Amino acid sequence: MTDLLRIENLKFRWPKAKKALLYIEQFHLNKAEKVFLQGPSGSGKSTLLNLIGGVLSPESGHIRFQGENIFAKSEAERDQFRGDHMGFIFQSFNLLPYLNSIENVCLACDFSKLKTERVLSRSQNLEAEAKRLLEALKLNEEDIYKKVTDLSIGQRQRVATARALMGSPELIIADEPTSALDAQTRQHFLNLLFTECERFQISLIFVSHDPALGQYFDRSYNLSEINQEASVGLDL
Amino acid sequence: MNSLYKIASKSLLNRKNTTILTIISIALSVCLLLGIERIRSGTKNSFENTVSGVDLIVGARSGPINLLLYSVFRIGNATNNLGYETYQKVKSREDVQYSIPISLGDSHRGYKVVGTSQNYFQHYQYGNKQNLAFSKGQEFQDLFDVVIGSKVAEELNYDLDKKITLSHGMNAVSFQQHDNMQFRIVGILKPTGTPVDSSLHVSLQAIEALHVDWQDGAPPRAGEATPKESLRSMDLTPSSITAFFVKLKSRMAVFQVQRDINEYADEAMLAILPGVVLRELWSSIGMAEKALFVVSILVFIVSLFGMLISLLSTLNERRREMALLRSVGASKPFIFALLLAESFLISIAGIVFGIVLLYAGLLSTQTWLEARIGMGVSLYQFQLQDFYYLALILVASMVVSLFPALRAYKKSLADGLTVRT
Ligand SMILES: Nc1ncnc2c1ncn2[C@@H]1O[C@H](COP(=O)(O)OP(=O)(O)O)[C@@H](O)[C@H]1O
Ligand SMILES: [Mg+2]
């Protein structure tokens with residue numbers, strides 16, 4: 001089975017909203033596959049990612065991850081599951097300002113024994129692996145030990161990517177990670193992200209409002225294509 | 001647990017300025033609360049122990065508070081004296097261990113003169129059953145010797161061997177100062193924080209001598225004062241005293257002796273238990289004590305507000321931090337615990353720093369405090385009560401920080417992994 005993630009009849013409505021925001025009958029993601037989801041602001045992209053992360057619960061339907069229904073788990077189990085099997089990259093505020101880059105990357109292991117074990121099975125210690133990842137993402141020695149608040153936005157996104165990669169989770173979820181980057185940095189960032197995902201056979205869900213990025217992915221969708229409630233998506 | 005404290009402390013250090021200010025404000029309130037509390041209980045304690053180690057105070061029959069005021073605090077006057085004979089009778093009772101007579105009514109430059117016996121220096125106690133001690137010199141021996149309290153020495157700048165004139169009556173400036181009434185300072189007492197500090201002590205006979213020329217109620221005319229030498233050869237056995245302190249051999253007998261004295265047929269006397277009356281008196285004048293306590297509570301409340309404000313002001317920044325932690329797998333209870341851990345660390349740091357401040361303050365004002373309050377020990381010892389206060393402070397600041405913690409927590413739940421601004 002090459003299925004990593006399978007969404008079935010997923011219906012989600014915000015508590016005070018009159019209508020459901022999302023209804024996804026079918027969606028799946030294969031192992032090591034890179035999928036792009038495009039949609040305008042407010043169409044529910046982040047909400048979907050929160051559902052996959054197990055932070056939000058749907059009104060009905062399931063998300064299966066390696067065959068397991070995420071919503072059959074307790075809240076604590078879902079938190080653990082997210083920590084063990086996923087890595088996140090956001091548009092901004094990806095780093096804790098009071099930790100240095102290495103510590104920010106190692107944060108992924110603070111909440112996951114599984115990731116820790118995976119790292120230790122191939123690296124001497126967590127710091128060494130974090131450093132290796134940061135270097136693979138083209139951060140030089142000097143930048144690694146800078147205060148994270150002194151890094152450029154592009155560098156910060158790469159530190160965040162290193163954390164998402166740390167411990168090789170099955171899935172990386174990227175929520176507009178390039179939206180604050182200029183075109184050249186964006187291209188560079190995507191290349192690095194893809195290389196690392198491929199190396200570790202990691203699946204990627206990449207979300208953006210910018211349709212131009214779709215061409216680089218294995219598959220590319222507009223959220224409205226898979227969301228049957230899409231007509232009400234815009235609230236700008 | 002490990003990462004909880006690691007993250008909490010690093011996050012606090014990151015917000016160094018607010019953290020330090022909050023710690024200082026808690027420290028100040030801990031210091032004030034405990035300090036005021038100590039001074040309060042120290043004052044109360046020392047007041048209630050202005051005289052200690054005495055079972056009964058006996059004077060002519062009047063009100064108990066009045067008797068206490070003039071015999072111990074040297075405020076006001078006795079309405080009547082006690083016959084010296086009567087005193088002798090009580091003194092020689094089987095159950096009396098010792099007694100200290102006092103004779104009041106004279107002064108020196110506004111300070112009270114106390115006529116008494118050697119027993120005063122041996123047995124008079126204050127505070128935690130502390131005896132009087134001499135900083136210089138010794139007890140009076142001669143008829144014209146005087147022992148002065150520490151405050152008298154300090155304020156009037158008196159030293160040993162200085163000759164001073166005592167006068168009859170209470171006027172600060174006496175019109176009649178006779179050279180024949182010159183006394184020599186032979187002893188200066190150590191500070192006690194009690195009215196003893198502002199008293200001058202002479203023998204009962206000396207008080208008699210002061211009064212020899214006043215037999216007709218008027219001062220001696222110029223040149224007619226009895227010379228010192230003749231005074232020495234006179235019989236100066238007092239005819240009366242003002243009051244006396246009694247220590248019994250067994251405290252069990254105190255009520256019996258008190259009743260005997262109060263029912264004494266030949267003379268109307270009143271015997272009081274000093275501890276009881278002192279407490280009574282304190283509860284009627286101790287309002288300031290309550291005011292102080294209220295002030296320290298208010299200070300603490302203000303510092304809680306400071307803490308609340310500093311926590312609330314960083315709330316938005318914290319939301320993003322929480323969302324990020326959630327994304328790497330932190331659970332809701334972890335987020336909540338993290339916020340509480342930060343408050344806990346701040347409170348503990350504030351408390352420790354506050355205690356350090358308190359002791360630094362106490363030590364640097366040590367002599368001043370001891371002279372003023374007179375209770376060395378209880379000021380420096382950590383009391384069970386202090387732990388209650390500290391526990392209260394800790395709990396209160398945790399409860400207060402629970403409020404922003406709950407808010408951050410709720411927001412972080414609503415935010416999920418993405419903070420909408
Ligand atoms: N925490 C929330 N509570 C209520 N409504 C929300 C919340 N977050 C998002 N929404 C609503 O859900 C819709 C989709 O938001 P979002 O998933 O953030 O869109 P996108 O990421 O595509 O810009 C919007 O209409 C937004 O108002
Ligand atoms: Mg979004």
Side-chain angles (χ1 to χ4, degrees), chain A residues 14-15 41-42 45-57 74-100 103-115 147-149 160 163-164 166-167 169 173 175-176 207, chain B residues 1-20 22 310-311 313-339 341-343 345-346 349 408-421:
Chain A
W14 284 106
S41 189
K45 303 182 299 293
S46 295
T47 306
L48 176 60
L49 299 185
N50 272 291
L51 282 160
I52 297 173
V55 175
L56 293 173
S57 300
S74 73
E75 247 180 281
E77 284 166 346
R78 267 184 276 157
D79 292 331
Q80 190 61 59
F81 194 80
R82 175 174 66 251
D84 283 343
H85 301 287
M86 304 176 197
F88 284 82
I89 312 168
F90 302 103
Q91 176 175 350
S92 61
F93 205 87
N94 271 299
L95 307 178
L96 291 180
Y98 44 84
L99 301 182
N100 66 27
E103 290 168 324
N104 262 294
V105 173
C106 290
L107 203 59
C109 293
D110 277 344
F111 296 90
S112 169
K113 273 208 185 80
L114 188 67
K115 282 184 180 173
K147 280 189 69 163
V148 293
T149 43
R163 179 176 59 223
M166 184 78 167
I173 294 176
D175 191 352
E176 314 239 16
V207 156
Chain B
M1 219 44 199
N2 218 348
S3 55
L4 180 73
Y5 276 99
K6 186 184 83 189
I7 294 174
S9 55
K10 290 205 167 168
S11 154
L12 283 176
L13 282 177
N14 183 50
R15 288 171 286 129
K16 221 179 286 154
N17 293 339
T18 27
T19 302
I20 288 175
T22 313
S310 82
L311 285 172
S313 68
T314 54
L315 210 62
N316 244 343
E317 184 188 331
R318 308 308 306 281
R319 279 169 68 190
R320 296 167 178 282
E321 206 178 305
M322 302 300 134
L324 188 60
L325 287 168
R326 292 277 281 145
S327 81
V328 293
S331 63
K332 295 184 199 174
F334 179 90
I335 299 295
F336 193 61
L338 177 66
L339 292 162
E342 289 183 13
S343 315
L345 288 176
I346 285 191
Y409 176 68
K410 278 199 183 137
K411 288 205 179 232
S412 129
L413 293 199
D415 290 339
L417 306 178
T418 38
V419 177
R420 297 190 308 157
T421 42

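Here is the naming used below: chain letters follow the sequence lines, and residue numbers restart at 1 for every chain. Predicted, not measured: the structure shown is a model, and the values here were computed from it. These numbers come from the heavy atoms of this one structure, side chains and all, not from hydrogens, waters or symmetry mates.
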- Query: Contact part of B/Leu13 toward chain A, heavy-atom cut-off under 4.5 Å: side chain, backbone, both or neither?
  - Reply: neither
- Message: Is B/Arg15 close to chain A through its backbone or its side chain, or both, or neither, when contacts mean heavy atoms under 4.5 Å?
- Response: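 For B/Arg15, there is no contact with chain A at all, as no heavy atom is under 4.5 Å.
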Using non-hydrogen atoms and a 4.5 Å limit, figure out which bit of [X] sits close to chain B: side chain, backbone, both or neither.
X       : answer
A/Arg78 : neither
A/Glu75 : side chain
A/Leu99 : side chain

- Tell me, do B/Leu325 and A/Phe111 make a side-chain contact under 4.5 Å, heavy atoms counted? yes
- Query: Any side-chain heavy atom of B/Leu417 sitting closer than 4.5 Å to one from A/Asp175?
  - Reply: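 The answer is no; the side chains never approach within 4.5 Å.
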How long is the gap from [atom1] on [X] to [atom2] on [Y], to the nearest 0.5 Å?
X        : Y        : atom1 : atom2 : result
A/Phe93  : B/Arg319 : CZ    : CZ    : 12.0 Å
A/Leu96  : B/Arg320 : CG    : CZ    : 13.0 Å
B/Ser331 : A/Gln80  : OG    : CD    : 9.0 Å

- Query: Should A/Glu103 and B/Lys6 count as an ion pair when the cut-off is N to O under 4.0 Å?
  - Reply: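 B/Lys6 and A/Glu103: not salt-bridged.
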- Message: Taking A/Asp79 first and then B/Lys332, would you say they form a salt bridge - that is, a charged N and a carboxylate O separated by under 4.0 Å?
- Response: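 Looking at A/Asp79 and B/Lys332, the cut-off is not met.
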